[in-house]
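Quick one: the structure is below, and I'll ask about it shortly.
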Amino acid sequence: MSEPKLPLELQAEIRDQWDRADSPVEATRILVSTFLGVDIQVNPSWSRLSTVMSDFHSNTSQCVSSIEECAQTFLTALFVFANSGGKAELTRPRYLELAIGASIPRRNDVLTLSWSCTRERDRFHIIVSPGPMPSRAEMLSLFQAQIPSCYNMQQTPIEPLLSRAIAKASDRSDMAPRTPVVTKPGYDVLPDARTLPQPEDLLLKPPYHLAVYGGGKTMVEVQCSHSLTLEVLADYLKKWCKTNHQDTRRPPAVEVSLHQSSFGFSPSFDRLTMSVEGRNPNFLVSPMIVLSLVEGVLGYKSVSVDGSVWIFRKDVEFKKSGQ
């Protein structure tokens, strides 16, 4: 039974990203196939993937990029396995197939991997579940831990690869014996810029970086990689800012401004300024209230202080209330 006809937007993204002769996944496929001397086929089930993943990706392009990154990372792990003594296993069949599908999981798994073989073909099957895709480093670690098991377990389905759910699930009695041991690689894979999400999506994930510059008495500047952090600071400061009563227009004593980022398509901010220039000279501006909010309320951790520059970092992901 053939797949239902894909939406035009998805067809266009597959054509422009996946089907290109110079796409990252095609370049990796050719590299691994040439090294092994075995044909490799990569077959995503685009209709099912787009249906399951649509709620967790801001656009069709990001969905295709995520699948491309997943496939490329798996092929990289396959190449590492071959270089580590597994080449004989991978060159036994006439060809290798990587199928990528999607389904609603029974557990908290983000990715699952299964394996089967015939005389002609070894078939790896990755199932993607609803939710954000693991990072490239997470996927590489998990694939590297599981691919060798395929050839030790003789067609026994591989246990699910757990990404962020590993930590949550490790204390459950029914999961504990089945949690895979993840061995981290001794290197990182450099991503292809064309497969990365757009900046406003990429910067929603930690680590978040924030810097406060407050050397003078008339201006404080906050730079942050997390736009929503700056929006919360701006809303709070505007709410509690005093009024300049010496001006008949009754403006705020401090001008609090958000500044648009120069990158990405959607509106996002990477700077906040607090200024009293040209206002009542009795009002000065200090970074102290910002420092208290950043550290005491938002949970950023101090990294360094250099004179009038404070550097912070936060490694725990922010979620909006109600999510």
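Please read all numbers here as calculations on a predicted model, not as lab measurements. Residue numbers count from 1 along this sequence.
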Among E13, R20, R15, which one satisfies side-chain hydrogen bond (donor to acceptor under 3.5 Å, both in side chains) with Q17?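 Running side-chain hydrogen bond (donor to acceptor under 3.5 Å, both in side chains) over E13, R20, R15 with Q17 returns exactly one hit, E13.
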Over all heavy atoms of both residues, which pair between P44 and I67 is shortest? Give the atoms and the distance, please.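 What the structure gives for the nearest pair is CB-CG2, 4.3 Å.
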Mind checking side chain to side chain donor-acceptor pair (under 3.5 Å) for T273 and listing every partner two or more places apart, or none if nothing turns up?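 Partners of T273 by the side chain to side chain donor-acceptor pair (under 3.5 Å) criterion, ordered by chain and then number, come out as H259.
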Would you say the side-chain atoms of T34 pair up with the backbone N or O of I30, donor to acceptor, closer than 3.5 Å?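 A pair under 3.5 Å: yes.
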Does either side chain, that of D270 or that of Q223, offer a donor lying less than 3.5 Å from an acceptor on the other one?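 No pair is found: no donor N or O on one side chain lies under 3.5 Å from an acceptor on the other.
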For the pair Y300 and Y208, name the ring-plane relationship: parallel under 30°, tilted 30 to 60°, perpendicular over 60°.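 Ring orientation of Y300 relative to Y208: tilted.
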Return each pair, listed once, that meets salt bridge (charged side-chain N to carboxylate O under 4.0 Å, His left out) where at least one residue sits in residues 218-234; pairs must be two or more places apart or across chains.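 For residues 218-234: E221-R271.
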Donor-acceptor check, side chain of S227 to backbone of F269, threshold 3.5 angstrom: yes or no?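 Such a contact is found between S227 side chain and F269 backbone.
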Checking side-chain contact (heavy atoms from CB on, under 4.5 Å) against L96, which of D39, V32, L78, L75 comes through?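 The passing option is L78.
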Got a donor-acceptor contact below 3.5 angstrom from the S275 side chain to the M219 backbone?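 Not at all, since once roles are kept as given, no pair shorter than 3.5 Å links the two residues.
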So, using side chain to side chain contact (heavy atoms under 4.5 Å, CB included) as the criterion, who are the partners of L203 when residues are at least two apart?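 Checked L203 against side chain to side chain contact (heavy atoms under 4.5 Å, CB included); matches are S225.
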Check whether any side-chain heavy atom of N43 sits under 4.5 Å from a side-chain heavy atom of L98, and report yes or no.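 Result no, sub-4.5 Å side-chain heavy-atom pair not found.
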Shortest non-hydrogen contact between L36 and A82, atoms and distance: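 Shortest heavy-atom contact: CD2-CB, 3.7 Å.
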Please check this pair: side chain of R29 against backbone of Q41, looking for a donor-acceptor N/O pair closer than 3.5 Å.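 Side chain of R29 to backbone of Q41: no pair is present.
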Residues in side chain to side chain contact (heavy atoms under 4.5 Å, CB included) contact with P199, at least two apart in sequence or another chain: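 With neighbours one apart ignored, the set is F263.
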Would you say L228 and V290 are hydrophobically clustered, going by side-chain heavy atoms of ILVMFWY under 4.5 Å?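 The answer is no; the residues belong to distinct hydrophobic clusters.
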If you link I, L, V, M, F, W and Y whenever their side-chain heavy atoms are under 4.5 Å apart, who else ends up in the same group as V316?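 Noted: V316 shares its cluster with no other residue.
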Check: L298 main-chain N/O paired with K314 side-chain donor or acceptor under 3.5 Å: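 Pair found, side chain donor or acceptor close to backbone of L298.
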Which pairs count as salt bridge (charged side-chain N to carboxylate O under 4.0 Å, His left out) when at least one residue sits in residues 293-309, sequence neighbours excluded?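 Found none.
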Compare every heavy atom of V276 with every heavy atom of F283, then report the nearest pair and how far apart it is.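 In this case the closest contact between F283 and V276 is O-CG2, 3.6 Å.
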